[in-house]
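The structure under discussion appears below in the form of structure tokens.
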Amino acid sequence: MELNIPDVVAEVTAAFERYEDALVNNKVEVLNELFWNSPHTLRFGMAENLYGYEAICGFRAARSPAGLARERRNVRITAFGRDCAVANTEFYRATTPKWGRQSQTWVRMPEGWRIVAAHVSLIDPPAA
């Protein structure tokens, strides 16, 4: 298996950045598009465990569009072969005094790159 094939990393990076834009601008239709439409898809959030595409879409539809802007750092995208990659980042929102962590597993599907699993959590800020 080849690790970090440049064109694959570029494709997943573009999909990841498209997701980020949709997230901070509350483009729910794009967020839904980028998750795999399957009952096997999951998203573990800060206060919810969502099993299946329908549950994830329901969460997005009900979520407030306020306070979604965030600062990111330490974005890491690693591709495993041509059809699987993971994307990780840390983020900070001014609306909370904590740093967040986000991880996504992306798989190339016939319709394009899709998130098959995601996890978001918060941690206390680093010590000064």
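Under a 4.5 Å side-chain heavy-atom cut-off, the cluster of Ile, Leu, Val, Met, Phe, Trp and Tyr residues that includes F91 is completed by M46, V120, L122.
Remark: I5 engages E2, D7, V8, R82 in a side chain to side chain contact (heavy atoms under 4.5 Å, CB included) (not counting sequence neighbours). With sequence neighbours left out, S38 forms a side chain to side chain contact (heavy atoms under 4.5 Å, CB included) with W36, H40, T41. Scored by the side chain to side chain donor-acceptor pair (under 3.5 Å) test, N25 finds D21 as partners (sequence neighbours excluded). Applying the side chain to side chain donor-acceptor pair (under 3.5 Å) rule to E33 yields the partners R18; only residues at least two apart in sequence or on another chain are considered.
Both V30 and F35 are part of a single hydrophobic cluster, where members link through side-chain heavy atoms under 4.5 Å apart. Under a hydrophobic clustering in which Ile, Leu, Val, Met, Phe, Trp and Tyr are joined whenever their side-chain heavy atoms come within less than 4.5 Å, directly or via other members, L68 and F59 fall into different clusters. Linking Ile, Leu, Val, Met, Phe, Trp and Tyr residues whenever their side-chain heavy atoms come within less than 4.5 Å leaves L42 and I56 in two separate clusters.
Looking only at side-chain heavy atoms (C-beta outward), V107 and R114 stay at 4.5 Å or farther from each other. No side-chain heavy atom of V75 sits less than 4.5 Å from a side-chain heavy atom of N88. Residues Q104 and V86 form no side-chain contact, since every pair of their non-hydrogen atoms from C-beta on lies 4.5 Å or further apart.
Residues A15 and L34 approach most closely at O-CD1, 4.1 Å, considering heavy atoms. Between A85 and W113, the shortest heavy-atom contact is N-CZ3, 4.3 Å. The two residues R93 and L23 make their nearest non-hydrogen contact at NH2-CD2, 4.0 Å.
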TODO: Just do the side-chain contact (heavy atoms from CB on, under 4.5 Å) check on F80 and L3 with the steps written out, would you?
DONE: CA-CA 5 Å; F80 301 90; L3 187 66; 3.8 Å; yes
TODO: Please step through side-chain contact (heavy atoms from CB on, under 4.5 Å) for the pair R63 and N26, ending with a clear verdict.
DONE: CA-CA 9 Å; R63 185 180 69 154; N26 202 41; 3.3 Å; yes
Open item on the list: Show, in sequence, the C-alpha distance, side-chain angles and deciding distance for R76 and T89, and conclude whether the side-chain contact (heavy atoms from CB on, under 4.5 Å) test is met.
Closed with: CA-CA 6 Å; R76 300 286 191 271; T89 191; over 6 Å; no
TODO: Assess whether side-chain contact (heavy atoms from CB on, under 4.5 Å) is satisfied between Y19 and I115, documenting all intermediate values.
DONE: CA-CA 10 Å; Y19 178 90; I115 300 164; 3.7 Å; yes
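Looking at N4, its side chain does come within 3.5 Å of a backbone N or O of A79 through a donor-acceptor pair.
Residue pairs meeting the salt bridge (charged side-chain N to carboxylate O under 4.0 Å, His left out) criterion with at least one partner in residues 45-61, sequence neighbours excluded, are R43-E48.
Atom SG of residue C57 and atom CG of residue L31 lie 9.5 Å apart, to the nearest 0.5 angstrom. The distance from the OG1 atom of T78 to the CH2 atom of W106 is 14.5 Å, given to the nearest 0.5 Å.
Ion pairing of E90 with R72 is absent here, as no side-chain N (NZ or NE/NH1/NH2) approaches a carboxylate O to less than 4.0 Å. Between R108 and E11, at least one side-chain nitrogen of the basic residue sits less than 4.0 Å from a carboxylate oxygen of the acidic one, meeting the salt-bridge criterion.
Checking Q102 against R70 by side-chain atom types alone, a donor-acceptor pair falls below 3.5 Å.
Ring geometry, W99 versus Y92: the interplanar angle falls from 30° to 60°, so the pair is classed tilted.
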